[in-house]
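Notes to accompany the following structure.
Numbered from 1 within each chain, the chains take letters A, B, ... in sequence-line order.
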Protein chains: 2
Amino acid sequence: MPTLSAQRTTLADVAAAAGVSVSTASLAFSGSGPIADRTRERVLEAARTLGYSGPNPLGRQLRRGRSGIVGVIMGDVLRRAFRDPVTIQVLDGLTARLGPLGLGVLLVPGPHDVSQPPVDPLVGTAAMDVAVQMWGGTTDDPVLETLRNRGVPIVLVEGTPQPDVAVVGIDDRGGMAEVTRHVVDLGHRRIATVTLPFDRDRVEGPADAARLSGIAWEISRRRLAGVTDAGVEPTVVWETPASLVEHGAAAGRALLQGPDRPTAVICQSDLLASGVVLAARELGLRVPEDVSVAGFDGLDLPWLAPDVLTSVSQPLAAKGAAIGDAVADLLAGRDAEERVLPVVLRVGTTTGPPPA
Amino acid sequence: MPTLSAQRTTLADVAAAAGVSVSTASLAFSGSGPIADRTRERVLEAARTLGYSGPNPLGRQLRRGRSGIVGVIMGDVLRRAFRDPVTIQVLDGLTARLGPLGLGVLLVPGPHDVSQPPVDPLVGTAAMDVAVQMWGGTTDDPVLETLRNRGVPIVLVEGTPQPDVAVVGIDDRGGMAEVTRHVVDLGHRRIATVTLPFDRDRVEGPADAARLSGIAWEISRRRLAGVTDAGVEPTVVWETPASLVEHGAAAGRALLQGPDRPTAVICQSDLLASGVVLAARELGLRVPEDVSVAGFDGLDLPWLAPDVLTSVSQPLAAKGAAIGDAVADLLAGRDAEERVLPVVLRVGTTTGPPPA
DNA sequence: GCCCCCGATCGAATCGATTCGAGCACCACG
DNA sequence: CGTGGTGCTCGAATCGATTCGATCGGGGGC
């Protein structure tokens, strides 16, 4: 039963079998420190015989004071967050950068819904050398609070800059201004906008002044500010509960009815925008002849083919890598500067001049 | 600087401050064992004063011999695996079940491509109490080999049953047979099928006898067998490199040309099927009047709306939960029985009688 | 031929908590 | 007033590896 013995075999056993001290055996595995080739061989041979597959990570971690784990806090239900290709691709870029550093990603779920406690127990108890919060992160975020108490360094993605927290983001505001100008330059004047959620309440529908003045989530606020920067006062600001195709479709159905419907809809995400496109088609409107639609993120959306969504491309893999760099900085004791990645306007086939 | 002191404060410090022994202080936190309320209060008070946020997980883990971590091995690049909603939703169900058990999920990437070493270093070195392999898992899988050497118990999802490994899966074969019979009953005779990858080579195109006889990945093999079970000999078996909309579209474009094109296409995943539907529309074919399309998984595909894909629904959250149960079994030292979850045919709007 | 130095190896302390058995004080009962 | 029991608290061992300083032996330099 190699399973059982493998679990119980320790470095001390191997050392004894090889006739060396524990410290020497340790050197044979870690490679740090001087050791004669012959000795190392002998130790490895003994390990092989005993079915010892290397030092127990738990012992190593305790001694080193490092777990080699980066906790990634998904700002929301896994399911929802994961249907967001943006998060996924960033996560992919992150793991790619973290792997060579010998670091692994521990998935920490956000709260499942408003009724549940806002902080997953793992946030307070799991071993992690650094935490990455993928979304949200207002100043009074209880998750950040907990992490700070533990003394875990934090990387915040697309959140509110604050002391003692490394921030990684993109130029949302500039990108949004750029795509808005593109739409304005085409001649549009009646422009509506569809936004990401404002806060944990996740309201759906047109936002009134009260809601507009209290947008908690940085990303929604910044992207909205971009529209204003371009000199546009949206006819409607439509708030969605999540960045999903179906919410975009619902927004589209609501916005694109009636005589004074907007001639262009600018969305804060590609998923929302593709929902609007589908809704427009459903209503018998041609895109872009009858209505122009723009998104944000620059995703490949195979199901819109042959159309290409006009959008603002953000460098997803690079963003993941930047997060990884920030993590490395914090681990090395450097304090990480704010990283803001550039975005670029992608003009597709879903925007054109407004109908005459 | 609460950060620094928090990191360095230990249970011993708290005990000293509270005027109790370390063991008593430990009891105050763990809650196991008898302790007077007043004493506990005193300890917690001292902890608060010192900015101690609870026992260091590393120490606890070493002592307990448990890390509280479940390693989840994504059978493929994160990016690709994550674009697969099936994996995501299962993962969500899994974390939901694992949370209450105090377990966290460590993401372990599969190899990025064929040229890279097939086993991520984390598989061999990261602390994990149980490993879950989400995909693949042939008998000679080097990942499983490594895990076995380490003595880490394994849960295999949709893989080849083998000794010492807990298996969770669904009734692929039965489900596929059912949907195939549905199509046959509608009157179809010329039926093509689009499959998931056969192996790490990820070939794209029609599969010849040689390839058909050597399908390494269990899931593709079983779903194909389901078609045969229903008495259907597919006119073409089209292999794809991954379960993605664009590969389905490519298959559709190739299959749906020419005079003796199939009247129905049965796909091994919904993503592939939706690609086929899009390709059909692109070619000016009506679905289901000109061609019927069926998928597998039972996903919500908002972009096909108002169409609903005929498919075989698998219980994704329940699958995640079943994996969690298997994990719990293994941790408790029970050996887990094989879990096979039922599937159910969902007749949508994409299948109908063949053209006259 | 002697001494010094360097490379290899070893011992022992340490990381931070958990846990078991022993000890102790106090209460209740006889 | 003595004894048995109960309920807390404490000491010490332990989990498995890393690492620093000390030791030992052999080869090279003078």
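Note that the two end axes of the helix from C:dG1-D:dC30 to C:dG30-D:dC1 enclose an angle of 40°, each drawn from 5 base pairs, rounded to 10 degrees.
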Any N/O pairs under 3.5 Å between the protein and nucleotides 25-28 of chain D? List them or say none.
none

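Take A:R66 and apply the salt bridge (charged side-chain N to carboxylate O under 4.0 Å, His left out) test, not counting sequence neighbours, and it matches no residue. With sequence neighbours excluded, no residue forms a side-chain hydrogen bond (donor to acceptor under 3.5 Å, both in side chains) with B:S26. A search for salt bridge (charged side-chain N to carboxylate O under 4.0 Å, His left out) contacts involving B:R48 returns B:E45, not counting sequence neighbours. Residues passing the salt bridge (charged side-chain N to carboxylate O under 4.0 Å, His left out) test with B:R97 are B:D325, sequence neighbours excluded. Scored by the side-chain hydrogen bond (donor to acceptor under 3.5 Å, both in side chains) test, B:T125 finds no partners at all (sequence neighbours excluded). A:R334 pairs by the salt bridge (charged side-chain N to carboxylate O under 4.0 Å, His left out) definition with A:D329, not counting sequence neighbours. Judged as a side-chain hydrogen bond (donor to acceptor under 3.5 Å, both in side chains), and not counting sequence neighbours, A:T146 has no contacts.
Counting atom types as modelled, A:R60 pairs no side-chain N or O with a base atom of D:dT18 as donor and acceptor under 3.5 Å.
Taking 4.0 Å as the cut-off between side-chain N and carboxylate O, A:E158 and A:K319 count as a salt-bridged pair.
Pairs of residues two or more places apart, or lying in two chains, that qualify as salt bridge (charged side-chain N to carboxylate O under 4.0 Å, His left out) and include a residue from residues 26-43 of chain B are B:D37-B:R40. Applying the salt bridge (charged side-chain N to carboxylate O under 4.0 Å, His left out) rule to pairs touching residues 16-31 of chain B yields nothing, sequence neighbours excluded.
Under 4.0 angstrom from either OP1 or OP2 of D:dG16 there lies no side-chain N or O belonging to A:Y52. In this structure, A:S30 does not reach the D:dA17 phosphate: none of its side-chain N or O atoms is under 4.0 Å from OP1 or OP2.
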*In the 5'-to-3' direction, what one-character label does each nucleotide of nucleotides 5-12 of chain D receive under the scheme B = base within less than 4.0 Å of a protein heavy atom, S = sugar-phosphate only, - = no such atom?*
---SBBB-
